[in-house]
Amino acid sequence: MSDKRYEELFQRYPENPILSARDWPYPAHTVFNAGACQVGEETVLLVRVEDRRGHSHLTVARSRDGITNWRIDPQPSFAPDPGSPEEIWGVEDPRLTWVEERDEWIIAYTAYSPSGPMVSLARTKDFASFSRLGPVMPPEDKDAAIFPRRIGNRYAMIHRPVSAGSSGAHIWLSFSPDMTHWGDHHVLLHARRGAWWDANKIGLSTPPLETADGWLLLYHGVRMTAAGCLYRLGLALLDLEDPRRVLRRSDEWVFAPEMPYERQGDVNGVVFPCGWILDRASGTVRIYYGGADSCVALATAKLSDLLDYIRKCPAPPA
């Protein structure tokens, strides 16, 4: 039951979860953390599927209404490349961005290597065939997504590197002239410290959404508790033409594990979106998220409500 003392921005689909391993046309341990996009009249999910070895691959699921009657590819759509040592332990957590100038979808995903997770990119026009652009950030790095258009004359990418001996896991922003060579690295959002819900470890959830107010970010904060980690979500707003400038950031989390399929699973207490889709006609945002690393669930929000909320949030300290 939701706590009515707090403003509810997101409404869960009452028949959640919308996808689980029971729906899969081939053996799967769990399905979760799906990238999402709209292709014509169809919703397309690129779903992380974990097998019983513990290795993950990605499979396409399509639906006319984005909720029911999913048509799932009969075999893995994007499997780890057997010739690539960067992917020897799997591919995970895709974020999908339509880059109009390239006329293709860019997929930022985590390639899991023996040296640790790293950011890799791939591209597709139809989610039937894919080509890799290769690793673009060394381990340990993940939670990446590309912006849908150039900033100035450069592509931009949000990601989350972690270095040995680091004081925390923060969200970074980097730039590239060609999507291959990345530099001009900036810390975008610092993980807070102490008792905050997003202390010590944060990461991007869904790709940045362009609005008239700025780039809207949905990000996760990881709180370590006596019972394990707890993943919750917050919002931030970046300047449209200079996304290094954080205009607003929520002090409170806005979405948290409450339901049984979010509280209990392979990893308890996790809501983890990798994709959202804006229906511009209705102003409704559909958020597809992994519940407890065990299923795919759906929540919706009005974009106007999200923007009203983030406008009231404080500007980060200069």
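Treat the numbers as computed from the prediction; the structure is a model and nothing was measured. Position 1 is the first residue of the sequence, and the numbers go up from there.
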Is any side-chain N of the basic residue among [X] and [Y] closer than 4.0 Å to the acidic one's carboxylate O?
X: Asp103; Y: Lys125; value: yes
X: Arg263; Y: Glu258; value: no
X: Asp251; Y: Arg192; value: yes
X: Asp73; Y: Arg62; value: yes
X: Asp184; Y: Arg154; value: yes
X: Asp279; Y: Arg286; value: no
X: Arg223; Y: Asp198; value: no

Whether over 12 other heavy atoms sit under 6.0 Å from [X] [atom1]:
X: Glu101; atom1: CD; answer: yes
X: Arg193; atom1: CZ; answer: no
X: Arg245; atom1: CZ; answer: no
X: Asn69; atom1: CG; answer: no

### side chain to side chain donor-acceptor pair (under 3.5 Å) contacts touching residues 289-299 (sequence neighbours left out)
Glu262-Tyr289
### Message
Any non-hydrogen side-chain atom of Val222 less than 4.5 Å from a side-chain atom of Asn200?
### Response
no
### Message
In the structure I gave you, are the side-chain heavy atoms of Met179 and Ile146 within less than 4.5 Å of one another anywhere?
### Response
yes
Indicate whether any N or O donor in one side chain lies under 3.5 Å from an N or O acceptor in the other, for [X] and [Y].
X: Tyr219; Y: Arg249; value: yes
X: Glu86; Y: Ser113; value: no
X: Glu252; Y: Ser250; value: no

Just say parallel, tilted or perpendicular for the rings of [X] and [Y], cut-offs at 30° and 60°.
X: Phe127; Y: Trp105; result: tilted
X: Phe78; Y: Phe130; result: perpendicular
X: Trp172; Y: His185; result: perpendicular

### Query
Out of Tyr109, Tyr26, Tyr112, which residue meets the ring pair (Phe, Tyr, Trp, His ring centres under 6.0 Å) rule with His57?
Tyr26
Taking [Y]'s backbone N and O only, do any of them form a donor-acceptor pair with [X]'s side chain (distance below 3.5 Å, no angle check)?
X: Tyr288; Y: Gly66; value: yes
X: Glu87; Y: Asp81; value: yes
X: Ser63; Y: Thr68; value: yes

### Message
For the residue pair Arg149 and Tyr155, would you count it as a cation-pi contact if the rule is NZ or CZ under 6.0 angstrom from the ring centre and within 45 degrees of the ring axis?
### Response
no
### Query
Taking the six-membered ring of Phe32 as reference, does the NZ or CZ atom of Arg48 fall below 6.0 Å from its centre and within a 45° cone about the axis?
no
### Query
By side chain to side chain contact (heavy atoms under 4.5 Å, CB included), which residues pair with Ala144, not counting sequence neighbours?
Ala108, Val119, Met157, His159
